[in-house]
Amino acid sequence: MPSPAAVDQFPHRHLLGIEGLVPAEITYLLDRADSYVAQNRKVDKKLGLLRGRTQINLFFEASTRTRTSFELAGKRLGADVINMSVEGSSIKKGETLIDTAMTLNAMRPDVLVVRHPESGAVALLAQKVDCAVINGGDGSHEHPTQALLDALTIKRRKGHLDGLVVAICGDILHSRVARSNIQLLGIMGAQIRVVAPPTLLPPAADRLGVEVHHDMREGLAGCDIVMMLRLQSERMHGAFVPSLREYFRFYGLDAEKLAAAKPDALVLHPGPMNRGVEIDTDLADDIDRSAIAEQVEMGVAVRMACLETLAARS
Ligand code: ASP
C-alpha cells in the first residue's frame, strides 16, 4: 500500500490528463518511474506491489506499444491484467461506452486503462466507475503517460526539464501527444516551439503558450530536443498535405535540418513512425541522436509508476 505521504504527493483518483497537475505531482511520478528503470533491467523483474489487484486495459482504438507497455507494467507489479479490445467486445453489438463501463465496473477492477477515439470519452467513463482510470489516449485530446515517458527520457539524458528548448514538429492539430507534452513541458518550465505547416496547426496555436514556426530550420535553431510527430491520417478528413514526398522535403527530419539544432540535441518520436515521411530512416536508428527506443523502455517504467500510484489505493 502507498504511504499516506504518497497520497499527499499525488492526490488524484484518476490520471485523465496532464492539464491540472502541478510540478510536484509530475516530479513525484517521474521519480517513482525512474526507480523502476533499474528494476526493469534485472533478470527477475517481478514485484508484488499490486498482488491481488485487477487491471483491465480497455482499448477502443488500435495500439501496439501503449497496450503492451501497460500490460507489462501491470504484470511486473504483480497485478492480474486483462486486455479487452474492440474486436472482441460487445461494442460491435451496439453496447454503449457507458454500458461497457458499467459491466466492467461490476467485475470490480482496481484500475481501468482506457483508450478511445473520441476526446473526452475517458473522462466520461471515469465518472461512471468506482475504480481508478488512466487515460491511454482520447482522440486528439491527451495522452498523459506518453508525455510522462517523454519527460523521463529527456530528464535522464539532460538532467532537467526547466529551461530546455523543445521543438514539437509535424501534425500538431491531430496530436494528443503534442497537447499532453505542451502541458507537461510548460508546467515544468521548458520553452516550447511548435513547427508545422499552417494546415496542421490548431486555429489559435499562438494561445497555447508556445512559439509558432512554419520553417523547420528556424524552428529547430538552437533547440535541445526535437520531438517529431506522426501524420495522424486516421483523424484527417480531407487533404492536409500536398504529398508525402513534399511533406518530407519541408517537414521531415533529416541530418541537414537537424544541423540547425544544438549539436547534442536529442530526437524523439512517439511511434509508430512513418519512415521517410516524418523522419529519415537512418536518423531514426542513429542511437547517438535518437532516443526512440529509450522512450519505449521508459514507457514501461512510467506506467508502473502510474499504476502503482493509483491502483494500490482503490
Ligand atoms: N502512439 C501515439 C498515440 O497513440 C502517437 C501516434 O499514434 O502517432 O497518440
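When a ligand or atom number is given, it counts from 1 through the structure's own listing order.
- Residue H143 approaches ligand 1 through these ligand atoms, each under 4.0 Å from one of its heavy atoms: 3 (C), 4 (O), 9 (O).
- Residue contacts with ligand 1, taken as heavy atom pairs separated by less than 4.0 Å, involve Q232 solely via side-chain atoms from C-beta onward.
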Inset, instruction - Apply salt bridge (charged side-chain N to carboxylate O under 4.0 Å, His left out) to the pair R289 and D286, showing each step before the final yes or no. - result: CA-CA 6 Å; R289 302 311 306 269; D286 179 352; 5.9 Å; no
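- Checked by distance only, ligand 1 and T66 stay at 3.5 Å or farther apart across all their nitrogen or oxygen atoms.
- If you number the atoms of ligand 1 from 1 as listed, the ones under 4.0 Å from a heavy atom of R115 come out as 4 (O).
- Nearest protein heavy-atom neighbour of atom 4 (O) of ligand 1: R176 NH2, 2.9 Å.
- For the atom pair CG (L307) and CD1 (I134), the distance works out to 4.5 Å, reported to the nearest 0.5 Å.
- Salt-bridge check for D285 with R275: passed, with a basic side-chain N closer than 4.0 Å to an acidic carboxylate O.
- Taking the ring axis of F59 as reference, the NZ or CZ atom of R115 does not stay both within 45° of it and closer than 6.0 Å to the ring centre.
- Residue V177 approaches ligand 1 through these ligand atoms, each under 4.0 Å from one of its heavy atoms: 2 (C), 5 (C), 9 (O).
- Among residues two or more places apart in sequence or in another chain, the side-chain hydrogen bond (donor to acceptor under 3.5 Å, both in side chains) test is passed with N83 by N57, R67, E71.
- The protein non-hydrogen atom at the shortest distance from atom 1 (N) of ligand 1 is G271 O, 3.0 Å.
- Note that K42 lies outside the cation-pi zone of Y36, set by a 6.0 Å cut-off to the ring centre and a 45° limit from the axis.
- Scanning all protein heavy atoms for the shortest distance to atom 7 (O) of ligand 1 gives R230 NH2, 3.0 Å.
- Taking a 4.0 Å cut-off on heavy atoms, P272 registers as neighbouring ligand 1.
- Both Y28 and M298 are members of a single hydrophobic cluster when ILVMFWY side chains are connected at heavy-atom separations under 4.5 Å.
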